[in-house]
Amino acid sequence: MTCRILFVEDELAIREMVEMALTRAGYHVTGAQDSRAAMTCIADQYPDLILLDWMLPDSSGLELARRIRKDKQTQRIPIIMLTARNTEADMIQGLDSGADDYITKPFSPRELVARIKALLRRSAPHGVDELIEHHGLKLNTGSQRITIGSTEIKVGPTEYRLMLFFMTHLDRVYTRAQLLDHVWGQTTYVEERTVDVHIRRLRKALEPFGLAGFIETVRGSGYRYHPKASSPLM
Ligand code: CA
């Protein structure tokens, strides 16, 4: 099946260049020139991935990313943020808004396609319908939902993949590089710092349930998923 990508960008020249590169790579691309047009496109047909420019004429790409993440219908759509802003603070702000990846302009079409492929791969359903369960937490690989009791713990696609990895690899310490390999897949483009951002997001999602402590930072090494023996909030 052809993947549908929504590209939100107000600069026509960039939109045409990217649309051409992605069409050549076999994707079906829809362009939107601002947030309002993007929301119309999303309501019309959910894209498999959204490429989102930070600077848009009506509202910023950050706001749009937050809106997409807040809505239950759209929260699982993978988002790549595109921007000319290239400091680490910008990157973290971009990822904190709910984006799964971050590419700085100017970028090569080849790099963009590689990032899209990697993100689609890690957002893809697991295939087998499986229920992983411990300490009251349930992760369903078919529906890609994480629940505790009857409440869903809302996470984005990258946090879901992290959680899936953690729940199937308990009590072991993984370095950021190992987590990148296992969760993000072999890609040379993602910085190790990205792992910290997604860990923070995952902890934030777990916090209301008293489970943030399940993810331990091991100083100088990395992270360990270590569910405590005591029962979480039920
Ligand atoms: Ca722009």
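As the structure lists them, so they are numbered: ligands from 1, and atoms in each ligand from 1.
The neighbour count for H134 NE2, taken as heavy atoms of other residues, nucleotides or ligands under 6.0 Å away, is above 12.
Panel note: side chain D53, backbone V8; no donor-acceptor pair is recorded below 3.5 Å. The backbone N or O of A13 lies less than 3.5 Å from no partner atom in the side chain of E11, so there is not a single donor-acceptor pair.
Note: Y174 and F165 meet the aromatic proximity criterion, with ring centroids under 6.0 Å apart. Aromatic ring centroids of H198 and Y223 lie 6.0 Å or more apart.
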May I have the list of side-chain donor-acceptor pairs in residues 16-23 shorter than 3.5 Å, sequence neighbours left out?
{"unit_1": "T23", "atom_1": "OG1", "unit_2": "E19", "atom_2": "O", "d": "2.5"}

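Below the 3.0 Å limit, the Ca ion (ligand 1) has as protein N, O or S neighbours D10 OD1, D53 OD2, M55 O.
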